Amino acid sequence: MSLPETDAVGTTTAAHAKSRPQAAPSPLDGDPSLIGVPTFIVGSIALGLTLVGYVPAGTAGAPLAVILAATALGQLIAAVWAAALGQSAVAAIFGVFTGFWLSYAVLVLGLLHGWFGITADTATRSQALFLISWLATIVLLTVSTLRLPAAFTVLFTLIDLALALVLSATLDGSVTLQKAGGYTVFAFVAVGFYLFVHVTSLATGGRGLPLGRPAVG
C-alpha cells in the first residue's frame with residue numbers, strides 16, 4: 001500500500017468516527033446520595049430538636065411535616081434511583097430508611113389520633129415495640145457496612161446508639177436519656193453533613209473527602 005493510499009484510509013476512518021453519533025447521557029446517571037443524604041439530614045434535625053425539647057412536651061407531631069414531605073419522600077426517590085442504576089446496596093439502605101421514616105410518622109399520627117386501637121396504657125409498649133424492631137434492623141445494616149469506608153459504619157453506629165437511648169428513655173420515662181438520644185441524633189447529623197460534602201464534591205468534579213478504611217477488608 002502506497003503512502004497516498006494510507007492517508008486516504010486514515011482520512012476516511014476519521015470522517016466515519018466524527019459522523020458516528022455519540023451516546024447521550026442517561027437521565028438516570030448520577031448519585032442518588034445527592035438526594036438521599038440531605039433529605040435524611042433534614043428529618044434527623046427535626047427529630048433531634050423534638051427529642052431535646054426544642055418544642056413543648058406533647059407536640060410529638062411537630063417534625064412530621066418535614067419527615068413526611070421531605071425525608072420519607074426523598075429516601076424513596078433515592079431508593080428508586082439507586083435501584084434503576086443497579087446499585088442494590090444503596091437502594092436497600094435508602095429503601096429501609098424510607099420504611100423507618102414512614103412508619104415513624106404513621107406511629108406518631110396513630111398515637112395522636114387514637115388509631116390502631118393503641119390505648120393510653122399501651123402507648124409506651126407500642127413505642128418500645130417500634131424502637132426495638134428498628135434498632136434490630138439498623139444494627140443489621142450496621143454490620144453490613146463493615147466492608148464500606150469507616151464513615152458509614154460510624155454513621156450507622158450513632159443511629160444505633162440514638163435508638164437505644166430513646167428506647168431506654170421511653171421505657172424509663174427519662175427526660176435525660178431522651179435528650180441524650182437527641183444529642184446523639186445531632187452527632188450522626190454531623191457525619192451526614194460530612195458525607196454530603198463528600199458526594200457533592202465528587203458530583204462537581206472535586207476529589208471527595210477521606211472516609212476512612214473499612215473495618216473488614
Side-chain angles (χ1 to χ4, degrees), residues 33 35-76 78 93-94 96-115 118 120-142 145 150-198:
S33 298
I35 290 178
V37 174
T39 54
F40 181 87
I41 287 172
V42 69
S44 299
I45 291 172
L47 178 59
L49 288 171
T50 302
L51 291 172
V52 300
Y54 179 76
V55 292
T59 54
L64 293 188
V66 173
I67 287 171
L68 278 173
T71 304
L73 181 59
Q75 300 300 284
L76 178 60
I93 290 171
F94 285 130
V96 168
F97 279 108
T98 299
F100 171 81
W101 292 108
L102 284 175
S103 61
Y104 172 80
V106 171
L107 174 66
V108 172
L109 288 171
L111 291 173
L112 292 175
H113 297 286
W115 299 347
I118 300 175
D121 58 334
T122 61
T124 297
R125 289 291 177 177
S126 298
Q127 294 173 70
L129 179 151
F130 171 88
L131 291 164
I132 292 168
S133 300
W134 278 110
L135 176 58
T137 303
I138 304 302
V139 167
L140 178 62
L141 283 181
T142 304
T145 67
F152 295 97
T153 304
V154 171
L155 173 68
F156 280 84
T157 300
L158 288 170
I159 295 172
D160 295 335
L161 179 58
L163 287 171
L165 287 168
V166 175
L167 172 61
S168 298
T170 300
L171 292 173
D172 297 340
S174 171
V175 175
T176 300
L177 285 174
Q178 178 177 304
K179 288 185 176 181
Y183 291 124
T184 306
V185 170
F186 294 142
F188 70 68
V189 163
V191 179
F193 281 156
Y194 186 86
L195 290 173
F196 184 61
V197 172
H198 168 72

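Source: prediction; values computed, not measured.
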Quiz item: For the atom pair CG (L195) and CD1 (I41), what is the distance rounded to the nearest 0.5 Å?
Solution: 8.0 Å
Exercise. Evaluate the side-chain proximity of L111 to I118: yes if any heavy-atom separation is below 4.5 Å, no if none is.
Key: yes
Self-check item: Check: S174 side chain, L177 main-chain N or O, donor-acceptor pair, under 3.5 Å
Solution: yes
Quiz item: Can you tell which of T137, L135, L158 makes a side-chain contact (heavy atoms from CB on, under 4.5 Å) with L163?
Solution: L135
Practice problem: Could you please spell out the steps behind the side chain to side chain contact (heavy atoms under 4.5 Å, CB included) verdict for L102 and I67? | Solution: CA-CA 8 Å; L102 284 175; I67 287 171; over 6 Å; no
Practice problem: Locate the shortest heavy-atom distance separating V139 from D160; write the atom from each residue and the value. | Solution: N-OD1, 3.4 Å
Practice problem: Quick one: pull up CD in Q127 and CG in L167 and give me the separation to the nearest 0.5 Å. | Solution: 10.5 Å
Quiz prompt | Minimum heavy-atom distance between F188 and S44, given as atom pair plus value | solution = CE1-OG, 3.4 Å
Practice problem: Indicate yes or no for a side-chain donor-acceptor contact from T98 to the backbone of L76 under 3.5 Å, with no hydrogens or angles considered. | Solution: yes
Self-check item: Heavy-atom closest contact (P38 atom, S33 atom, distance)
Solution: CD-O, 3.5 Å
Self-check item: Side-chain H-bond candidate by donor/acceptor type, T145 with T153, under 3.5 Å
Solution: yes
Quiz item: Can any side-chain N or O of Q75 pair as donor or acceptor with the backbone N or O of G36 at less than 3.5 Å?
Solution: yes
Quiz item: Who are the ring-ring contact (aromatic ring centres under 6.0 Å, His included) partners of F97, not counting sequence neighbours?
Solution: F40, F156
Quiz item: Within a strict 4.5 Å, meaning less than it, do heavy atoms of the L131 and V166 side chains meet?
Solution: yes
Quiz item: OG1/T142 to CG/L155 distance, rounded to the nearest 0.5 angstrom?
Solution: 8.5 Å
Quiz item: Which heavy atom of V108 sits nearest a heavy atom of A60, and at what distance?
Solution: CG1-O, 3.7 Å
Quiz prompt | Taking every non-hydrogen atom, the tightest pair across G182 and L51 | solution = CA-CB, 3.7 Å
Quiz prompt | Where V42 and T71 come nearest, the two heavy atoms and their spacing | solution = CG1-OG1, 3.8 Å
Practice problem: Take T124 and T170 through the side chain to side chain contact (heavy atoms under 4.5 Å, CB included) test and state the conclusion after the steps. | Solution: CA-CA 7 Å; T124 297; T170 300; 4.1 Å; yes
Quiz item: Can you tell if the side chain of F186 reaches within under 4.5 Å of the side chain of V52, non-hydrogen atoms only?
Solution: yes
Exercise. Look up atom CD1 in I159 and atom CD1 in I138, then write down how far apart they are to the nearest 0.5 Å.
Key: 6.5 Å
Quiz item: What's the verdict on side chain to side chain contact (heavy atoms under 4.5 Å, CB included) for L64 and Y104, showing C-alpha distance, side-chain angles and the deciding distance?
Solution: CA-CA 9 Å; L64 293 188; Y104 172 80; 4.0 Å; yes
